[in-house]
Amino acid sequence: MSNCDKIRQEINLYLDNEISPEKKQVIENHLRDCPACQTLFAQERRLEQKLVEIITSDDEVIWNRSIALLKTQNREFITRKTMVLRYLVPVAAAALVMVISGILFVLLPNPTSDLLAEVEKEHQSILNPGVQPIFKADSPDELFRQLGEQYDGEQYDFNISAGYECLIGNKGYQFKGGRIISLLKKHSATQMVISYGDTPISILVLLEKDLSDFPKSAQSYLTKSNEIYQTKFKDSNCAMVRLNENIICAMGAVNPEILKQLLIPQTQISAKNNSSRQLESNPPSTASIYGYVENEGDNQIINFVFYMTDINGNFWLINKVEPSFQVISKSGDILWQDRFKKGCWSILWTYSTRIPDNVKGELIKGELIVRPVIDKAEQLNITIQDTPWVGEGK
Amino acid sequence: MKDRMDSFVSLLTPLRKSLIGYIRYLLWNKNDLEDALQNVLTEAYRKFGQFNKGTNFKNWLFQVASFTVFNMNRRYEKETVTERPLINAMEPIAVELLQNEEDYQKLLNNDLSFLKKVSDEAKASLNTLNQKERSVFLLHSIGELSYAEIADTLEMPIGSVMSYLSRARAKLREQLIHYAKEGGYL
């Protein structure tokens, strides 16, 4: 191999500045004495530069739009006092485990993990009449009226509460309410409260990543989806399952079997085959949405809870929710817009987004597109105008 | 809260061109560019707490971008990646990979002014690269990352980075020769 060939073998490393100083020196010495190699190196460098110039692209418009959207959404990072609002929380919760096989249980006395203790604390807090997040009403309108009054008075330190129908048909449970909470100031969770007879049960939905702060025994159990971990904390029993992207935790002073049942499907869901899942009940007949706009200093925060039920009051799985909100000026200009697409199996969605301080509009208009889980997904549009609002779609 | 966003955006802004370029060419469906950019920014901001201050932000950002875009690409099963076994990691420059050295010499000697006329084709030539070749090439050329940084970003050995880069360059040059000859510029 000639000296030139040896030098040319290193051309890539040399031009990319990835060569050792010693070799670099050798190459540069050679280049000084060899016009042919010098030309080749220069031509290679030029060709690469030209090619890169052509493919380098810029798009200030979409960049600015994306940055603006990022700033306005602040997904998952809206803080209020010690709370963290979750952006879109799929509340998978009861009655929606798809197929569970080989469910295993363990019973461990008093684990000491902080996060489990926090869950228990949150559950206890709803037993205390001072902070009980329970709203009872005969109709959604009535519920919402109550809800609005509570928030007007800033009486409660939580953000969303909704629900008037029973959660799982006539199985002895009643849906009492819900809220978004912060655990250890870093994990946001949705808490739903149901009652079994007179005993309240909390169902908390956390994210998969929160698992690391649960006891080691729970972690090792929940590495596999759909296996139920069971434990006891103080006076409450607790059952946990990992479902899709969530950790679902049911807690209450009831028989563990009751909690277990909440996490296991009853008769509503069956698997037809591995790829398509279908509910064995009536199609969803009612879509309910509860929302309000909350003022926090100069900021306005839009919150809502959304779910669909069939004629028996059974919740339906929704696999896609696309909320979009606009703030519109008097003259009809769109001053701000927020949209989000999310695909995930869930029965209850909560949503929270912050309108930036500088947007002062007359009207907030929202639209929601949902896809319930049926053989042929159908699209449902709900348009919400004015605030506060309660929307229903058929 | 506001500080966090401000410091995120201030780190992000100088990387606008390279990030957009990287995403644009890595993405299978070009119509998804804005969605992809938003996903990348949202994901990066979400993980920003995990970013170790004082380490290489660009490197970290491209890693987030790579994973996000790879995931988006999975929706389009266009590419069946048939990996050629890696040749010697120290593979020399494209020249030896090229089918026709004579044409390549002509390309090198050309003043390259024709490139502007075939810029669309030149851009499209990136499509002839597989995902790994493309991401390595883009991280190197647009992202201006070093071999070691690319290896870190894409979690592959440095030798593979060099091979993919070399192969990507060879393929791109072959395409350029093809377009140049077709247009009568060579």
Side-chain angles (χ1 to χ4, degrees), chain A residues 1 5-19 39-80 84 87 186 207 209 299 339-341 343 354 357, chain B residues 1 4-5 8-9 12-13 16-21 24-25 33-35 37-42 44-46 48-49 90-96 105 107-113 115-116 118-120 122-123 125-126 137-138 140-142 144 146-148 158 162 165-166 169 172-173 176:
Chain A
M1 196 184 278
D5 286 343
K6 275 187 207 155
I7 293 293
R8 287 177 188 195
Q9 282 222 324
E10 309 282 357
I11 192 166
N12 255 354
L13 293 174
Y14 176 78
L15 294 177
D16 291 343
N17 211 10
E18 296 274 356
I19 206 158
T39 309
L40 179 72
F41 273 51
Q43 285 174 330
E44 277 291 352
R45 190 192 295 274
R46 189 180 56 126
L47 179 61
E48 184 81 1
Q49 277 169 354
K50 290 277 178 198
L51 193 58
V52 173
E53 262 171 40
I54 281 179
I55 60 170
T56 301
S57 62
D58 195 6
D59 196 330
E60 214 173 333
V61 177
I62 74 156
W63 178 266
N64 291 341
R65 216 155 45 202
S66 295
I67 294 282
L69 199 66
L70 181 73
K71 284 184 173 172
T72 58
Q73 283 179 343
N74 291 335
R75 290 173 189 164
E76 275 207 89
F77 300 102
I78 301 169
T79 53
R80 176 179 179 242
V84 181
Y87 176 68
K186 61 174 178 173
L207 295 178
K209 65 176 172 57
N299 285 309
R339 75 184 166 91
F340 192 71
K341 290 178 194 170
R354 181 194 294 264
D357 316 5
Chain B
M1 170 63 217
R4 181 190 151 105
M5 176 61 81
F8 180 68
V9 173
L12 205 59
T13 307
R16 182 182 82 197
K17 262 193 179 180
S18 43
L19 186 65
I20 290 180
R24 184 191 299 270
Y25 291 107
L33 179 63
E34 188 163 353
D35 272 357
L37 181 63
Q38 272 167 24
N39 288 348
V40 169
L41 295 185
T42 306
Y45 186 61
R46 195 173 68 79
F48 191 46
M90 296 299 286
E91 227 171 320
I93 182 82
V95 187
E96 295 181 19
Q105 199 49 56
L107 179 73
L108 285 176
N109 291 336
N110 192 286
D111 70 354
L112 301 181
S113 57
L115 274 178
K116 277 189 186 136
V118 297
S119 76
D120 286 345
K123 285 176 191 172
S125 64
L126 280 162
F137 178 77
L138 292 171
H140 185 267
S141 59
I142 297 184
E144 295 176 344
S146 71
Y147 292 179
I158 249 187
M162 290 155 83
L165 184 60
S166 175
R169 282 174 166 155
L172 292 175
R173 281 158 175 72
L176 279 188

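Chain letters run A, B, ... following the sequence lines, proteins first and then strands; every chain starts at 1. Here the structure is a predicted model, which is why all the values come from computation and not from measurement. Any value given below was found using the heavy atoms of this structure, including those in side chains, with hydrogens, waters and symmetry copies removed.
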Problem set entry | For chain A, the option from B:Leu19, B:Val40, B:Asp111 that forms the most heavy-atom pairs under 4.5 Å | B:Asp111
Problem set entry | Contact leader toward chain A among B:Thr13, B:Val9, B:Leu41, where contacts are heavy-atom pairs under 4.5 Å | B:Leu41
For this session: Measure B:Asn110 against the heavy atoms of chain A and call it side chain, backbone, both or neither at under 4.5 Å.
Result: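 Interface part for B:Asn110: backbone (N, CA, C, O).
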For this session: Check each atom of B:Leu165 against the heavy atoms of chain A and say whether the ones under 4.5 Å are side chain, backbone, both or neither.
Result: side chain
Exercise. Nearest 0.5 Å, what's the CD1-CG distance between A:Ile67 and B:Leu37?
Worked result: 7.5 Å
Exercise. Is a salt bridge present between B:Arg173 and A:Glu48, judged by a nitrogen-to-oxygen distance below 4.0 Å?
Worked result: yes
For this session: Indicate yes or no: at least one non-hydrogen side-chain atom of A:Glu53 is less than 4.5 angstrom from one of B:Lys116.
Result: no
Exercise. So, the side chain of A:Glu18 versus the backbone of B:Tyr147: is there a donor-acceptor pair under 3.5 Å, distance only?
Worked result: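 Judged by distance alone, yes, a pair lies under 3.5 Å.
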Problem set entry | Toward chain B, the part of A:Gln49 with a non-hydrogen atom under 4.5 Å | neither
For this session: Go through the steps to decide whether A:Glu44 and B:Arg169 satisfy the test salt bridge (charged side-chain N to carboxylate O under 4.0 Å, His left out), and finish with yes or no.
Result: CA-CA 11 Å; A:Glu44 277 291 352; B:Arg169 282 174 166 155; over 6 Å; no
